[in-house]
Amino acid sequence: MQRIMLRGKIHRATVTQCDLAYEGSCSIDEDLLEAAGMALYEKIDLYNVNNGERFSTYTIPGKRGSGEIGLNGAAARRAHLGDLLIICTFGPMTDEEIKTWKPKVVLVDENNKITAVKE
């Protein structure tokens, strides 16, 4: 049996841009993607701390070191500039893998700069 477990999380990231005209996705600073162990074009779940919205999309690269968290297309309707998001990825794991698994949790400041990575 496999369970779906948290793999990586960017905690309380600030939305820096919203673009309704873009075809979709969430642009994330490549430093944040790497720190959280998230891949380009990977499915992500997003939780808006400000309004309670929960939605899914996929990652695309944001400019490295920029702190960019951009919501594009339909996702741009789920948050406003300055809203705080929790961004998560999940994956299947066996009970044996779960015994030693620790997700990567990336904590950021108000400018989306990494303050800590917990594993």
Side-chain angles (χ1 to χ4, degrees):
M1 174 196 300
Q2 292 194 327
R3 301 172 191 263
I4 305 300
M5 304 297 291
L6 177 68
R7 286 190 334 92
K9 174 170 85 164
I10 303 169
H11 190 70
R12 296 178 68 91
T14 302
V15 176
T16 61
Q17 66 184 45
C18 293
D19 184 357
L20 283 170
Y22 192 86
E23 66 186 52
S25 66
C26 180
S27 55
I28 301 175
D29 176 331
E30 288 185 278
D31 288 339
L32 296 174
L33 286 173
E34 288 175 6
M38 295 178 184
L40 294 180
Y41 312 109
E42 181 174 5
K43 180 182 177 184
I44 53 174
D45 290 332
L46 299 97
Y47 314 117
N48 187 324
V49 174
N50 295 76
N51 65 19
E53 288 278 354
R54 300 167 77 88
F55 55 101
S56 298
T57 188
Y58 59 93
T59 66
I60 61 171
K63 183 179 177 190
R64 186 176 296 282
S66 67
E68 179 180 343
I69 300 290
L71 296 177
N72 303 302
R77 295 254 187 225
R78 302 290 185 185
H80 295 276
L81 292 178
D83 279 2
L84 297 176
L85 300 177
I86 299 168
I87 304 170
C88 299
T89 58
F90 299 88
M93 295 182 195
T94 65
D95 286 340
E96 194 61 33
E97 290 171 311
I98 290 168
K99 290 177 183 177
T100 58
W101 176 250
K102 298 283 186 215
K104 290 184 177 183
V105 177
V106 178
L107 305 178
V108 297
D109 66 14
E110 62 278 356
N111 297 308
N112 296 328
K113 300 301 179 197
I114 298 169
T115 59
V117 178
K118 299 179 180 183
E119 294 187 57

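No hydrogens, no waters, no symmetry mates; every other heavy atom, side chains included, goes into these values. The first residue in the sequence is number 1, and the count goes up from there.
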- Item | Single-linkage hydrophobic cluster W101~F90, side-chain heavy atoms < 4.5 angstrom | no
- Salt-bridge test for D45 and R54: reply yes if a basic N is under 4.0 Å from a carboxylate O, no otherwise. no
- Task: Write down the atom of V15, the atom of A79, and the distance for their closest heavy-atom approach.
- Result: CG2-CB, 4.1 Å
- ILVMFWY network linking I28 to Y22, side-chain heavy atoms under 4.5 angstrom: yes
- OH of Y47 to NE2 of H11: how many Å apart, nearest 0.5 Å? 12.5 Å
- Item | Same apolar cluster: L46 and Y41, side chain cutoff 4.5 Å | yes
- Item | Exam field: side chain N111 to backbone G67, donor-acceptor pair closer than 3.5 Å | no
- Query: Roughly how far, to the nearest 0.5 Å, is CG of L84 from CG of N51?
  - Reply: 10.5 Å
- Query: Do E53 and R77 sit within salt-bridge range, that is, some charged N less than 4.0 Å from a carboxylate O?
  - Reply: no
- Task: Mark yes when over 12 heavy atoms from residues, nucleotides or ligands other than K113 sit less than 6.0 Å from its NZ; otherwise mark no.
- Result: yes
- Within 6.0 angstrom of R12 CZ, more than 12 heavy atoms from elsewhere: no
- Message: Taking the side chain as everything from C-beta on, heavy atoms only, tell me whether T59 gets closer than 4.5 Å to C26.
- Response: no
- Distance from E42 atom CD to Y58 atom OH, nearest 0.5 Å? 13.5 Å
- Query: Looking at L32, D29, I10, which hits side chain to side chain contact (heavy atoms under 4.5 Å, CB included) with I114?
  - Reply: L32
- Message: So D95 and R3, do their side chains get closer than 4.5 Å, heavy atoms only?
- Response: yes
- Task: Could you tell me whether the side chain of I98 reaches within less than 4.5 Å of the side chain of M5, counting heavy atoms only?
- Result: yes
- For I69, does its backbone N or O pair with a side-chain atom of S27 as donor and acceptor, under 3.5 Å? no
- Query: Out of curiosity, I87 CD1 to L85 CG, how far, rounded to the nearest 0.5 Å?
  - Reply: 5.5 Å
- Item | Connected via hydrophobic side-chain network under 4.5 Å: V117 and L33 | yes
- Measure the spacing between CZ of R7 and NZ of K104 and express it to the nearest 0.5 Å. 9.0 Å
- To the nearest 0.5 Å, atom NZ of K9 lies from atom NZ of K118 at 8.5 Å
